[in-house]
Amino acid sequence: MAPKNDESAKKVMSKGAWTAEEDSKLSQYIEIHGAKRWKTIATKSGLNRCGKSCRLRWLNYLRPNIKRGNISDEEEDMILRLHKLLGNRWSLIAGRLPGRTDNEIKNYWNSHLSKKINQKDKRQEVSTAQETTSQLKTRVAAPMEEEGANIVGSSEPTFDVNEFFDFSTEGSYGLEWVNKFLELDEDQCLTEKR
DNA sequence: AACGAAGTCAACCGCTAATTT
DNA sequence: GAAATTAGCGGTTGACTTCGT
């Protein structure tokens, strides 16, 4: 059988860490042709990589205005609050932190913040366990009045976030809605503490 | 100094959604 | 409207680094 024209598709693609040469090839190509049609970019730029890999490299590393490392306290606080609201929707969270990528936030969450949360949860569990045992004694027959209500502080949102915030119409990194949420959240925290 | 454990982060994989033909 | 292609997302992996013994 004669080889087909798409034989190149069978060619084994490079994997693993990108070299400086590959980076510059990709950057140069995208500078000229733009960052779309990743499969074409992968083949035309002369890189022995799949389109997916090129896209990821561009978005997470080569794209202009990328901030790397040193996540500030403000950013960390923002991540914590947004995660509380959105859950593991890293790209949405990243969209609210200019210069940060979903991958970076996901990694930061998994290696730093999830531990902090766990420690905090454990401490809370201990104190709430003590509280609930004493509360149970007084509330044995009380109905579940707040059933269905969104309990702020639970890790998973119980309402449709997409419905609540219309992400589709938001093109910029405007932080107005976040500020509103954070204000609300702060109020909630204050009332919870009382 | 050597070694293993734990932590970090870049990159890959599998899947779904969106777009194009 | 269906099928094929492309883009994007979140979870996971594995190489590398740092830390503790």
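This is a predicted model, so every value here is computed, not measured.
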Residue mapping more 5' on DNA chain B - nearest nucleotide basis, A:Ser14 or A:Arg37:
A:Ser14
Checking C:dT6, C:dG11, B:dA10 against the side chain of A:Asn107 (C-beta onward), the nearest is B:dA10
Would you say A:Arg68 places a side-chain N or O within less than 4.0 Å of OP1 or OP2 belonging to B:dC9?
no
Which nucleotide sits closest to the side chain of A:Ser91: C:dC9, B:dT8, C:dT6?
C:dC9
Plane angle bin for A:Trp90 and A:Trp109 - parallel if under 30°, tilted between 30 and 60°, otherwise perpendicular:
tilted
Mind running salt bridge (Lys or Arg N to Asp or Glu O under 4.0 Å) on A:Glu104 and A:Lys67 for me, showing each step along the way?
CA-CA 10 Å; A:Glu104 189 178 17; A:Lys67 278 190 221 166; over 6 Å; no
Please assess A:Arg81 against A:Ile79 for the test side-chain contact (heavy atoms from CB on, under 4.5 Å), listing each intermediate value before the final yes or no.
CA-CA 5 Å; A:Arg81 286 156 184 269; A:Ile79 293 167; over 6 Å; no
Please pick, from C:dG8, C:dG10, C:dA7, the nucleotide with the shortest atom-to-atom distance to any side-chain atom of A:Lys106.
C:dG10
Under 4.0 Å, counting only non-hydrogen atoms across every strand here, what does A:Lys52 touch: a base, just sugar-phosphate, or nothing?
base
What contact category does A:Gly16 fall into here, base, sugar-phosphate, or nothing, at under 4.0 angstrom with non-hydrogen atoms?
sugar-phosphate
Ignoring hydrogens and angles, does a donor from either the side chain of A:Asn60 or the base of B:dA11 sit under 3.5 Å from an acceptor on the other?
no
For A:Ile79 and C:dG10, give me the distance from atom CD1 to atom P, rounded to whole Å.
14 Å
Would you indicate which nucleotide in C:dG11, C:dT6, B:dA10 comes nearest to any side-chain atom of A:Asn88?
C:dG11
Closest to the A:Leu56 side chain: B:dC12, C:dC9, C:dT6?
B:dC12
Using only heavy-atom distances, determine whether the side chains of A:Tyr108 and A:Glu76 contain a donor-acceptor pair under 3.5 Å.
yes
Closest to the A:Arg49 side chain: B:dC9, B:dA10, B:dC12?
B:dC12
With distance as the sole criterion, is a donor-acceptor pair present between the side chains of A:Asn88 and A:His83 under 3.5 Å?
yes
Atom-to-atom span, CG of A:Leu86 to C1' of C:dC9 - whole angstrom:
14 Å
Round to the nearest Å and state the distance from A:His83 atom NE2 to C:dG10 atom P.
10 Å
Looking at B:dC12, B:dC9, C:dC9, which one has an atom nearest to any side-chain atom of A:Trp18?
B:dC12
Taking only N and O in the side chain of A:Trp90, is any of them less than 4.0 Å away from OP1 or OP2 of C:dG11?
yes
Does NZ or CZ of A:Arg49 lie under 6.0 Å from the centre of the six-membered ring of A:Trp18, at an angle within 45° of the ring axis?
yes
Roughly, in whole Å, what's the span from CG in A:Leu62 to C1' in B:dA11?
13 Å
Options C:dT12, C:dG10, C:dA7, nucleotide nearest the side-chain atoms of A:Asn110
C:dT12
From CG of A:Asp23 across to C1' of B:dA11 the rounded distance in Å is 13 Å
Atom CH2 of A:Trp58 and atom C1' of B:dA10 are separated, to the nearest Å, by 18 Å
Using atom CZ of A:Arg55 as one end and atom P of B:dC13 as the other, report the distance to the nearest whole Å.
15 Å
Quick check for you: among C:dG10, B:dA10, C:dA7, whose closest atom lies nearest to any side-chain atom of A:Asn103?
B:dA10
Ignoring the backbone of A:Arg57, work out which of B:dT8, B:dA10, C:dA7 is nearest its side chain.
B:dA10
From NZ of A:Lys39 across to C1' of C:dG8 the rounded distance in Å is 16 Å
Indicate, yes or no, whether a donor-acceptor pair under 3.5 Å links the base of C:dG14 to the side chain of A:Lys15.
no
